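Side chains included, hydrogens not; waters and symmetry mates left out as well; all remaining heavy atoms used. Just so it is clear, the model here is predicted, and its values are computed rather than measured.
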Amino acid sequence: MTQFVVVLDLDGVTDKSALMDRCAEALSLPGHFGRNWDALADSLTDLPAPPGADGLRIVVRNWRPYARQRPGEWEITQDVFAQAVDRVPALSVLLALGGSS
């Protein structure tokens, strides 16, 4: 099974607005992406796997500073990722350890 890997690097992300911008950029979300939790959830479940790939793997890097600075937002972010993965079996979201600790 071949999965296409996208890195979502949260280095420097300090709030929801920056998180949404980073998601839009890294995941190549459409210009009409609403930059809110519901829009992110919908976008994650609509992400197509590139041709020749059996699925999509999103690797989230440098997430710890954002998680410490905005624990409530980070909890929602994790819930959004988890719900998307539950709805789309070909989608994986992985949190990279290391880096900014």
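- For the pair S92 and I58, the minimum side-chain heavy-atom distance is 4.5 Å or more.
- A pairwise comparison of heavy atoms in A39 and G34 identifies CB-N, 3.7 Å as the closest pair.
- Classification of the Y66-W74 ring pair by plane angle, with boundaries at 30° and 60°, yields perpendicular.
- Between K16 and R35 the shortest heavy-atom distance is CE-O, 4.3 Å.
- Under the rule for a side-chain contact (heavy atoms from CB on, under 4.5 Å), D46 has no partner lying at least two apart in sequence or in another chain.
- Taking the side chain as every heavy atom from C-beta outward, L97 and R64 approach each other to under 4.5 Å.
- Annotation: salt bridge (Lys or Arg N to Asp or Glu O under 4.0 Å) contacts of D15 (sequence neighbours excluded): none.
- Using a 4.5 Å cut-off on side-chain heavy atoms (C-beta onward), S17 and M20 make no contact.
- By the 4.5 Å heavy-atom criterion applied to side chains, L8 and F81 are counted as neighbours.
- Grouping the Ile, Leu, Val, Met, Phe, Trp and Tyr side chains by contacts below 4.5 angstrom, directly or via other members, places L29 apart from V7.
- Applying the salt bridge (charged side-chain N to carboxylate O under 4.0 Å, His left out) test to pairs two or more places apart or on separate chains, those with a residue in residues 72-93 are R70-E73.
- Annotation for L91 and V85: closest pair O-CG1, 3.6 Å, computed over non-hydrogen atoms.
- Taking all atoms of both residues into account, the shortest heavy-atom contact from Q69 to V13 is OE1-O, 4.5 Å.
- Residues forming a side-chain contact (heavy atoms from CB on, under 4.5 Å) with A41 (at least two apart in sequence, or on another chain): V80.
- Between the CG atom in L47 and the CG atom in L56 there is a gap of 6.0 Å [rounded to 0.5 Å].
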Please report the C-alpha distance between L40 and C23 in whole Å, then the side-chain angles of each, then the deciding distance to 0.1 Å, and finally whether the side-chain contact (heavy atoms from CB on, under 4.5 Å) criterion is met.
CA-CA 8 Å; L40 180 59; C23 287; 4.1 Å; yes
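- Residues forming a side chain to side chain donor-acceptor pair (under 3.5 Å) with R22 (at least two apart in sequence, or on another chain): none.
- Side-chain contact check for W37 versus T77: some heavy-atom pair is nearer than 4.5 Å.
- If you take CG on D21 and CG on L19, they are separated by 9.0 Å, rounding to the nearest 0.5 Å.
- Take V59 and apply the side-chain contact (heavy atoms from CB on, under 4.5 Å) test, not counting sequence neighbours, and it matches V5, R57, R61, L94, A96.
- Taking the side chain as every heavy atom from C-beta outward, L44 and V88 never approach each other to under 4.5 Å.
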